[in-house]
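Reviewing the structure listed below.
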2 protein chains.
Amino acid sequence: MSEKDKITEEKIFDAAVEEFEEKGMDGSRMQKIADRAGINKALLHYYYRSKDKLFQQVFDRLANKLLDRLLNCLDNDFPLEKKLKLFYMEHIRFMQKHPKMPAFIFHELNRNPERIQTVFNSERIRFLRENLFRQIDEEKSAGEIRNIDNLQLFINIIALSAFPFVARGLLESILKVNNIQFDDFIEARKTELPEFVINSVKMK
Amino acid sequence: MSEKDKITEEKIFDAAVEEFEEKGMDGSRMQKIADRAGINKALLHYYYRSKDKLFQQVFDRLANKLLDRLLNCLDNDFPLEKKLKLFYMEHIRFMQKHPKMPAFIFHELNRNPERIQTVFNSERIRFLRENLFRQIDEEKSAGEIRNIDNLQLFINIIALSAFPFVARGLLESILKVNNIQFDDFIEARKTELPEFVINSVKMK
DNA sequence: GTCTATAGAAGGATAGAC
DNA sequence: GTCTATCCTTCTATAGAC
């Protein structure tokens with residue numbers, strides 16, 4: 001594949017990412033993707049065959065990116081408190097750079113739950129069980145955190161960081177009334193959230 | 001309007017609710033709505049003029065229902081701790097009955113943030129400020145809960161209950177690996193969540 | 001590899017009979 | 001009020017020239 005091919009193919013892919021993230025699979029149009037990429041509609045099919053195949057590639061890449069990031073942020077040997085601080089700092093920073101990604105992934109997964117098979121192998125889930133959950137269990141035994149269901153805790157941690165990006169439309173209109181910028185609200189959460197979770201689970 | 005009209009109109013509306021909640025505006029088809037309602041496609045237009053108008057009515061009714069429920073659950077004079085217990089109990093129970101509603105509302109609001117104007121007048125926001133926020137402030141002053149930003153706390157409370165319904169596709173595949181039913185996981189949250197929040201904000 | 005032109009299917013909407 | 005038939009636009013996808 002020549003250098004020029006690569007560039008066109010990537011231009012198309014990047015355009016598709018934008019269009020799909022913004023409109024979703026159902027709301028996206030091949031013509032709009034071609035326009036964004038500055039090329040002809042026929043070229044889309046030359047490179048990616050069909051809308052479905054193009055979408056699948058976009059979805060897989062984004063979902064993997066998000067999941068990788070999530071797991072990487074949790075892959076360290078710090079105690080839970082420090083781990084949470086790092087997690088929220090880095091993970092929120094990531095979502096600030098890709099603010100539409102979470103809503104996109106969740107929406108498409110609800111529309112078509114089987115899609116998850118291409119991203120979400122049990123290998124990655126095992127990572128959670130074996131590392132994060134083991135760590136939580138240890139800190140429970142050491143009497144440092146209270147007894148709480150691991151999975152419930154894990155979902156709570158994710159919910160707190162992801163939700164504002166999923167409910168951005170609603171949140172922004174609430175924030176507007178209170179005269180607050182979405183970005184400022186999110187920025188504050190980098191430190192608010194670890195505090196919120198730690199306070200909830202720490203033995204005192 | 002005769003009794004029979006009423007019935008047909010409602011049959012159509014109910015069918016539209018199902019289709020739109022499941023597929024979203026972009027993914028829904030007038031023909032499918034007609035099929036669900038057991039009537040002809042032309043009748044849809046007879047009663048509702050266009051897909052857009054039908055969608056708008058469905059969206060408004062659902063969004064209002066969700067928002068009303070939310071605010072009603074918070075409209076009582078109990079202290080924060082008891083209020084939270086009641087809130088999660090009732091609000092989660094509501095979402096169990098309408099599990100697709102939150103994802104639908106949030107998605108459509110992201111696609112088209114202006115839609116919020118028809119639902120979300122500042123009157124309702126004022127309710128929050130004047131009642132819930134005042135109460136939080138009082139409990140802060142009384143030294144019963146720690147100092148935390150009211151809006152951040154409010155969003156956290158909502159995030160924890162709504163997120164599993166928005167991320168259901170992903171969550172279910174995590175739960176499957178752990179051999180847990182979505183319904184059981186949700187049921188447990190009715191008591192897990194108030195505990196989680198209270199522990200986080202209560203002075204000890 | 002890239003374009004123009006167009007086929008062909010799908011979906012929203014309406015006309016008109018009953 | 002409800003149906004059948006059909007119009008017309010939009011969209012995906014392909015054919016074929018360069």
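Within every chain, numbering begins at 1; the chains are lettered A, B, ... in the order of the sequence lines, protein sequences first and strands thereafter.
- Taking atom CD1 on Ile33(A) and atom C1' on dT12(D), their separation rounds to 11 Å, with Å as the unit.
- Ala167(A) and Asn110(B) make their closest contact through C-OD1, 4.3 Å (heavy atoms, listed as atom of the first residue, atom of the second, distance).
- Between the CG atom of Asp26(B) and the P atom of dA10(C) there is a distance of 19 Å, given to the nearest Å.
- Ile7(B) has its CD1 atom 10 Å from the P atom of dT2(D), to the nearest Å.
- Within the structure, salt bridge (Lys or Arg N to Asp or Glu O under 4.0 Å) pairs that include any residue of residues 44-57 of chain B do not occur (at least two apart or interchain).
- A straight line from CD of Gln31(B) to C1' of dA9(C) spans 15 Å, rounded to a whole angstrom.
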Show every donor-acceptor pair shorter than 3.5 Å between a side-chain atom in residues 88-104 of chain A and any protein atom, with sequence neighbours excluded, or say none if there are none.
unit_1   : atom_1 : unit_2    : atom_2 : d
Tyr88(A) : OH     : Ile157(A) : O      : 2.8
Gln96(A) : OE1    : Lys190(A) : NZ     : 3.1
Gln96(A) : NE2    : Glu187(A) : OE1    : 3.0

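- Under a 4.0 Å N-O distance rule, the pair Glu172(B)/Lys176(B) does not qualify as a salt bridge.
- Between His45(B) and dA13(C), a side-chain N or O to OP1/OP2 separation shorter than 4.0 Å is present.
- Between Tyr47(B) and dT2(D), a side-chain N or O to OP1/OP2 separation shorter than 4.0 Å is present.
- Remark: P of dA13(C) and CG of Asp52(B) are 8 Å apart, rounded to the nearest angstrom.
- Sorted by residue number, the members of residues 34-44 of chain A with any non-hydrogen atom under 4.0 Å from DNA chain D read Lys41(A), Ala42(A).
- Residue Met30(A) has its side chain nearest to dA13(D) when only dT14(D), dA13(D), dG1(C) are considered.
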For residues 62-70 of chain A, dump all side-chain donor-acceptor pairs below 3.5 Å to protein atoms at least two apart in sequence or in another chain.
unit_1   : atom_1 : unit_2    : atom_2 : d
Asn64(A) : OD1    : Arg124(A) : NH1    : 2.8
Asn64(A) : ND2    : Asp60(A)  : O      : 2.9
Asp68(A) : OD1    : Arg124(A) : NH2    : 2.1

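- OP1 and OP2 of dT12(D) both lie 4.0 Å or more from every side-chain N or O belonging to Ser50(A).
- Between Lys23(B) atom NZ and dG11(C) atom P there is a gap of 10 Å when expressed in whole angstrom units.
- For the ring pair (Phe, Tyr, Trp, His ring centres under 6.0 Å) condition, the pairs that include at least one residue of residues 171-202 of chain A, sequence neighbours left out, are Phe165(A)-Phe182(A).
- The phosphate of dT2(D) has OP1 or OP2 within less than 4.0 Å of a side-chain N or O from Thr8(B).
- Among residues two or more places apart in sequence or in another chain, the ring pair (Phe, Tyr, Trp, His ring centres under 6.0 Å) test is passed with Phe13(A) by none.
- A straight line from CZ of Phe55(A) to P of dT12(D) spans 13 Å, rounded to a whole angstrom.
- Between Lys53(B) atom NZ and dG12(C) atom C1' the separation is 13 Å, expressed in whole Å.
- When distances are taken from the side chain of Arg29(A) to each of dC11(D), dT14(C), dG12(C), the shortest belongs to dC11(D).
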